[in-house]
Participant: 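Below you will find the structure I want to go over with you.
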Amino acid sequence: MWRRQARNLGVSLVFVMVATGLWYTQERDYRDRLSWMGVPTWEVLSPTSVHRVLRNDGFLVGWSDVRVNPLWVSYTLQTVDDPRAGPRPDFQRDWRTLWPIAADSYFGSGYDRGHLAPNYAIATVHGRGAQQQTFLMSNISPQRPDFNRRLWQRLEEVVIDHFAPRFGTLQVVTGPVFPERFLDNVLNRVGLVEIPEAFYKIIVVPADQPVALAFLVPQNVRGNEPLDRYVVSIDEIEARTGLNFFPNLPEGAARVLEGQVRTQGWELEKVARLPSRF
DNA sequence: TTTTGTGT
């Protein structure tokens with residue numbers, strides 16, 4: 001009798017291992033397609049940096065159930081000949097998040113529901129389904145109106161309208177930065193959702209000799225500041241977030257790409273002072 | 001064409 005049970009258990013174990021292997025292989029393929037040199041990982045095992053990856057059409061989300069925020073989103077952009085975005089969908093709850101964050105969870109807070117993977121760029125490059133998923137609340141962080149509608153909108157517009165045509169293909173990783181003080185983390189929230197003090201955006205031209213441009217912008221901007229004021233190294237963003245970006249990049253290449261600020265070739269001066277649309 | 005809140 002016990003032999004048959006042992007055999008059944010063995011068959012079940014093999015089945016689970018094969019299924020897990022297949023799932024893992026497929027999941028890794030999907031992540032590799034959507035994220036150059038690997039999705040961000042955390043440097044140290046702390047509750048505030050642990051996250052899990054949510055798959056969407058066209059973009060990945062590194063979701064934290066502790067911050068109740070995406071810690072990063074990752075997506076590629078290409079030049080599109082005839083860019084078209086459908087009408088703005090409604091914001092939607094994402095049932096994959098542990099916490100109930102509804103479309104109206106930000107009402108009356110004074111904060112905007114700020115997209116991390118942006119509506120317009122994702123819509124034009126990755127299509128309607130991907131656009132709808134940018135309106136999942138798992139892709140949203142609390143952003144001050146002057147930040148979201150003015151400076152951050154200008155930056156997103158520069159990425160899709162200037163950088164993408166200039167370089168053809170881009171890898172973008174963007175996300176929030178939180179205050180260092182623990183009490184601020186606990187108390188500074190819109191409902192359950194922690195309020196970031198800044199946001200970062202990393203733009204990479206994925207080539208044999210990759211180049212990168214990174215921004216770190218505080219929430220309290222007026223909105224008309226020149227964008228080049230906020231250029232930083234990727235190392236600085238890693239220090240502020242505790243994340244490791246592009247973990248599959250060889251160490252020597254990472255030192256060059258992440259350790260220094262190189263704005264040559266981006267023609268930032270042409271786009272840093274464009275007026276805001278709103 | 002590209003961001004939102006408003007309040008039911």
Participant: Report the residue (A:Asp104 or A:Ile140) whose heavy-atom-nearest nucleotide on DNA chain B is the more 5′ of the two.
Facilitator: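 Mapping each residue to its closest nucleotide by heavy atoms, the 5'-most match is A:Ile140.
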Participant: Tell me whether the side-chain N/O atoms of A:Asn148 come closer than 4.0 Å to OP1 or OP2 in B:dT3.
Facilitator: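 So the side-chain polar atoms of A:Asn148 never come under 4.0 Å of the phosphate oxygens OP1 or OP2 of B:dT3.
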Participant: A:Gln143 has an atom CD; how far is it from atom C1' of B:dT2, in whole Å?
Facilitator: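 Whole-Å distance recorded here is 14 Å.
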Participant: Would you find more than 12 non-hydrogen atoms of other residues, nucleotides or ligands less than 6.0 Å from A:Arg150 atom CZ?
Facilitator: yes
Participant: Nearest whole angstrom, please: distance from the P of B:dG5 to the CZ of A:Phe91.
Facilitator: 6 Å
Participant: Can you check whether A:Phe135 and A:Phe91 have ring centres sitting under 6.0 Å from each other?
Facilitator: yes
Participant: How would you list all residue pairs meeting salt bridge (Lys or Arg N to Asp or Glu O under 4.0 Å) that involve residues 225-234 of chain A, not counting sequence neighbours?
Facilitator: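 Sorted result for residues 225-234 of chain A: empty, none.
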Participant: Please report, rounded to the nearest Å, how far the P atom of B:dT4 is from the CG atom of A:Asp112.
Facilitator: 6 Å
Participant: Taking the six-membered ring where the residue is Trp, are the ring centres of A:Trp72 and A:His51 under 6.0 Å apart?
Facilitator: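 Ring centres of A:His51 and A:Trp72 closer than 6.0 Å.
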Participant: Could you tell me whether the phosphate oxygens of B:dG5, OP1 or OP2, come under 4.0 Å of any side-chain nitrogen or oxygen in A:Arg113?
Facilitator: yes
Participant: Taking the six-membered ring for Trp, are A:Phe147 and A:Tyr111 ring centroids under 6.0 Å apart?
Facilitator: no
Participant: Starting from C1' on B:dT3, measure out to CD1 on A:Ile122 and report it in whole angstrom.
Facilitator: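 Atom-to-atom, A:Ile122 to B:dT3, this comes out as 16 Å.
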Participant: List, by chain and number, the other hydrophobic cluster members for A:Leu187, where Ile, Leu, Val, Met, Phe, Trp and Tyr join if side-chain heavy atoms come within less than 4.5 Å, directly or indirectly.
Facilitator: A:Phe182, A:Leu183, A:Val186
Participant: Using a heavy-atom cut-off of 4.0 Å across all strands, would you classify A:Tyr111 as base, sugar-phosphate, or nothing?
Facilitator: sugar-phosphate
Participant: Nearest-Å distance, CD (A:Glu157) to P (B:dT4)?
Facilitator: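 Computing the A:Glu157:CD to B:dT4:P distance gives 13 Å.
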Participant: How many Å lie between CD on A:Gln131 and P on B:dT3, as a whole number?
Facilitator: 9 Å
Participant: Mind calculating the distance between CZ (A:Phe278) and P (B:dG5) to the nearest angstrom?
Facilitator: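 Going from CZ in A:Phe278 over to P in B:dG5 covers 13 Å.
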Participant: With side-chain contact (heavy atoms from CB on, under 4.5 Å) as the test, pick out the partner of A:Asp57 among A:Gln133, A:Gln132, A:His126, A:Gln131.
Facilitator: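 Among A:Gln133, A:Gln132, A:His126, A:Gln131, the one meeting side-chain contact (heavy atoms from CB on, under 4.5 Å) with A:Asp57 is A:Gln133.
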Participant: Quickly work out the A:Glu156 CD to B:dT3 P distance and round it to whole Å.
Facilitator: 7 Å
Participant: Can you list, in residue-number order, the parts of residues 265-276 of chain A that come under 4.0 Å of DNA chain B, counting heavy atoms only?
Facilitator: none
Participant: Is the phosphate of B:dT2, meaning OP1 or OP2, less than 4.0 Å from a side-chain N or O of A:His115?
Facilitator: no
Participant: Using a distance-only criterion (donor-acceptor N/O pair, under 3.5 Å, no hydrogens), is the base of B:dT3 paired with the side chain of A:Asn119?
Facilitator: no
